[in-house]
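All values below come from the heavy atoms of this structure, side chains included, with hydrogens, waters and symmetry mates left out. Naming convention: chains lettered A, B, ... in sequence-line order (proteins, then strands); numbering from 1 in each chain.
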Amino acid sequence: MNPNKALHIGHARNLFIGDTLARMLRFTGHDLTVMNYIDDSGLQVADIIVGMKYAGFNEKPENDMKFDEYAGDKIYVKINELYETRKELVEKREYVLKQLEKKSEIRQYAKEITNKILKAQLETAKRLGAEYDLLVFESDIIFSDGWKEIFEKMKDENIIKLEKEGKLSGAWIIKTTFKNETDKVIIRSDGTSTYIAKDIVLAAWKIGIIDEIFNYEVFDSQNNKLLSSTLNKTDNKTKFTNNSKAITLIDARQSRLQKIIKEILNRFNENEDRTYEHLSYEIVSLSKGTAETLGIKTEDKKIIQMSGRKGMYINVDNTLNIIKNKVYEETKLRNSKENEDWIRNTAEIISVASFRYELLKNDLDKIIIFDLEDSLRLDGETGPYLLYTFARATSILEKAKDQPKIEFIEDIHRNLSLKHEIELIKNMSKIDLIIEESVINMSPMRIAKFTYNLCNLFNSFYEKSPVLREEDKDIMNARLHLVNSFRDSLEILFNLLGIEYLKRI
RNA sequence: AGGCCCGUAGCCUAGAUUGGAUUAAGGCGUCAGCUUGCGGAGCUGGAGAUCGGGAGUUCAAGUCUCUCCGGGCCUGCCA
């Protein structure tokens with residue numbers, strides 16, 4: 001994440017995929033660290049600092065706006081407009097950029113600001129159901145010794161070389177193997193490192209090609225489970241390097257760069273006992289209608305690509321709040337006797353479920369064209385439908401006088417003999433297989449679709465096979481048992497998808 | 001120009017590992033129904049697809065190969 005603006009729905013997709021994958025991996029017994037890479041240096045950070053220090057923007061938002069949103073919408077977007085007319089600010093940006101590359105007062109100041117933005121972003125992430133184990137700062141990579149180590153290694157392997165002539169003279173480069181493509185600059189002629197350089201260090205660190213280069217500390221005293229990288233000496237002896245597998249989740253636009261990184265890493269990983277994998281997913285764009293409601297000029301385009309710098313994006317918190325308003329009304333209508341807190345809490349959970357399912361139900365290689373109207377739907381293949389189904393199943397179990405008894409199911413063929421019952425049972429029995437396949441294929445979508453399908457089958461069962469009104473006690477017991485098992489299955493699946501379940505909605 | 005990705009009813013999307021019982025599935029929309037029945041955020045049924053075009057491999061192709069067409073992305077001393 002770039003700690004300079006609020007999370008937009010593109011980040012939300014990344015977050016949902018990553019979080020669901022982490023849940024899937026943990027559920028299947030894998031030991032993993034969920035890391036969030038923080039780009040706390042470079043231009044986008046410099047822009048915020050220039051805004052606050054030299055362009056007269058307040059350090060605090062005037063109203064109770066979240067700090068990440070304030071920094072992004074009120075400063076980052078505006079300062080990029082100001083550069084057009086106020087050239088002295090462009091010079092200031094150059095100055096700030098240089099200061100960020102060394103130990104300086106400005107760097108210290110920037111750290112405070114970016115941490116503040118980061119904390120606001122992590123609040124949003126938590127609201128969406130995602131938590132991280134580790135934050136790694138780009139700035140720590142720049143100042144770490146890891147860079148020198150990997151730099152020497154690459155020099156020895158002839159992966160990089162110092163360009164002596166031509167346009168790239170004075171820069172360290174990686175020769176490209178692609179046609180019509182300039183070589184990749186890894187160290188600029190002024191000695192600073194580029195984005196890919198930092199990514200190589202990070203990747204090498206992940207799978208132990210270089211030794212541990214960071215120390216770790218608790219990032220936020222409110223949450224001592226979340227660690228962050230630091231170059232200061234600390235008491236924490238945890239090491240995060242040397243993983244047998246690293247999965248880097250970045251969108252498809254970075255595929256080429258990731259491929260180069262992987263190729264470089266393979267040169268140092270002769271035994272191939274370590275794997276570095278780029279898990280690619282397509283971007284989220286805005287539908288014409290949604291872009292227009294945000295006041296973005298669409299011209300004759302059908303799909304609008306988001307752009308943080310131009311302010312052309314849709315903020316996660318705001319999106320969730322819009323969904324929540326709709327869900328709130330609907331929930332209130334159906335639960336008129338409940339108190340305000342209950343309704344709000346319920347609406348929040350349903351909204352998150354709705355948002356998560358909406359962004360998880362497509363496969364990773366499909367571009368999502370986000371449409372606000374579509375996301376407000378509560379019926380059909382949606383998160384609310386899943387929760388509704390869960391509530392129905394729960395309701396039956398709560399109203400039942402007796403709990404289902406497995407020992408009473410003597411003749412399952414007689415007691416659960418209807419076509420839709422058998423279909424439901426058959427599909428429920430696939431749960432282990434589906435989870436296993438989803439993990440192997442890194443496919444949260446498969447879990448999402450499976451869950452929906454199961455709910456679909458259950459609702460069909462619900463309609464055709466009355467449970468509590470069934471007169472045959474054996475059949476009733478068998479059906480009750482089926483409902484119970486179904487709800488258990490759903491709990492597992494909801495946990496994987498990051499959907500909280502509710503007894504009533 | 002080169003590289004990567006996508007193309008399945010009006011729209012959106014599944015169809016994995018391993019080509020095979022699928023009469024190509026689901027959602028939105030549309031048309032017709034279902035409530036003195038465990039929650040109608042639901043269910044049932046209808047209409048709507050020669051799976052972008054073509055060729056090939058095969059007993060068998062939405063799925064594999066080639067080719068063409070359409071769309072997107074990448075190809076920065078930005079990140």
Over all strands shown, is A/K302 touching base, sugar-phosphate only, or nothing at heavy-atom distances under 4.0 angstrom? nothing
Across the strands shown, which category fits A/L378 at heavy-atom distances under 4.0 angstrom: base, sugar-phosphate, nothing? base
Is the shortest side-chain N to carboxylate O distance from A/R253 to A/D251 below 4.0 Å? yes
How far, in whole Å, is B/A79 from B/U75 if one measures between their C1' atoms? 16 Å
If you measure from the Lys or Arg side-chain nitrogens to the Asp or Glu carboxylate oxygens, is any gap between A/R93 and A/D47 under 4.0 Å? yes
Would you kindly check if the NZ (Lys) or CZ (Arg) of A/R107 is within the cone defined by 45 degrees around the ring axis of A/F143 and under 6.0 Å from the six-membered ring centre? yes
With respect to the side chain of A/N2, which nucleotide from B/A79, B/G15, B/A41 is positioned closest? B/A79
Would you say A/S438 reaches B/A16's phosphate, i.e. side-chain N/O to OP1/OP2 under 4.0 Å? no
If you measure from the P atom in B/C68 to the same atom in B/G3, how many Å do you get, rounded? 11 Å
Between B/G40, B/A16, B/A79, which nucleotide gets closest to the side-chain atoms of A/T194? B/A79
Using the P atoms only, state how far B/C43 lies from B/C28, rounded to an integer number of Å. 9 Å
P spacing across the pair B/A25 / B/G19, given as an integer number of angstrom: 22 Å
Whether A/R334 and A/E330 form a salt bridge (side-chain N of Lys/Arg under 4.0 Å from carboxylate O of Asp/Glu) is what I want to check. yes
OP1 or OP2 of B/C38 sitting under 4.0 Å from any side-chain N/O of A/R469? yes
Check: A/K198 side chain, A/E138 main-chain N or O, donor-acceptor pair, under 3.5 Å: no
Would you write out the dot-bracket form of RNA chain B, 5' to 3', with Watson-Crick and G-U pairs under 3.5 Å, [ ] for crossing pairs, | for pairs to other strands and . for unpaired bases? (((((((..((((......[....)))).(((((.......))))).....(((((..]....))))))))))))....
Starting the side chain at C-beta, find the nucleotide from B/A41, B/U13, B/C77 nearest to A/K366. B/U13
Measure from the side chain of A/V185, starting at C-beta and using heavy atoms only, and say which of B/A41, B/C77, B/C38 lies closest. B/C77
Could you tell me whether A/E292 and A/K297 have a side-chain N and a carboxylate O separated by less than 4.0 Å? no
Please give the distance between the P atoms of B/C77 and B/U58 as a whole number of Å. 50 Å
So that I can tick it off, tell me whether A/E282 and A/K366 are bridged by a salt bridge, with the cut-off set at under 4.0 angstrom between side-chain N and carboxylate O. no
Closest to the A/R377 side chain: B/A16, B/U13, B/G27? B/G27
Looking only at atom P, what distance separates B/G20 and B/U63, rounded to whole Å? 11 Å
With P as the reference atom in both, quote the distance from B/G46 to B/A1 in angstrom, rounded to an integer. 49 Å
A/K503 to A/F390 six-membered ring, cation-pi geometry met (6.0 Å, 45°): no
Taking only side-chain nitrogens and oxygens of A/Y195, does any of them come within less than 4.0 Å of OP1 or OP2 of B/A79? no
Kindly say whether, by distance alone, the side chain of A/S255 makes a donor-acceptor pair under 3.5 Å with the base of B/C74? no
Taking OP1 and OP2 of B/A79, is either one under 4.0 Å from a side-chain nitrogen or oxygen of A/R188? yes
With respect to the phosphate group of B/C43, does any side-chain polar atom (N or O) of A/Y385 fall under 4.0 Å of OP1 or OP2? yes
Among B/G27, B/G42, B/A79, find the nucleotide with the atom closest to the side chain of A/E381. B/G27
Closest approach to the side chain of A/T182, judged atom by atom: which nucleotide of B/G42, B/C73, B/C77 is it? B/C77
Starting at CD1 of A/I367, measure out to CD1 of A/I303 and round the result to the nearest 0.5 Å. 6.0 Å
Taking the C1' atom in each of B/C4 and B/A55, what is the distance between them to the nearest angstrom? 25 Å
Which one, B/A79, B/C77, B/G26, comes nearest to the side chain of A/D39? B/A79
Does OP1 or OP2 of B/C74 have a side-chain N or O of A/Q258 closer than 4.0 Å? no
Touch class at under 4.0 angstrom, heavy-atom based, for A/A393 against every strand present: nothing
Closest of B/C5, B/C77, B/G42 to the A/D365 side chain is B/C5
Check whether any side-chain nitrogen or oxygen of A/N456 sits under 4.0 Å from OP1 or OP2 of B/C43, and answer yes or no. yes
Kindly say if A/R392 contacts the phosphate of B/G40, meaning a side-chain N or O under 4.0 Å from OP1 or OP2. yes
From B/C38, B/A41, B/A14, nucleotide with atom closest to A/K449 side chain: B/A14
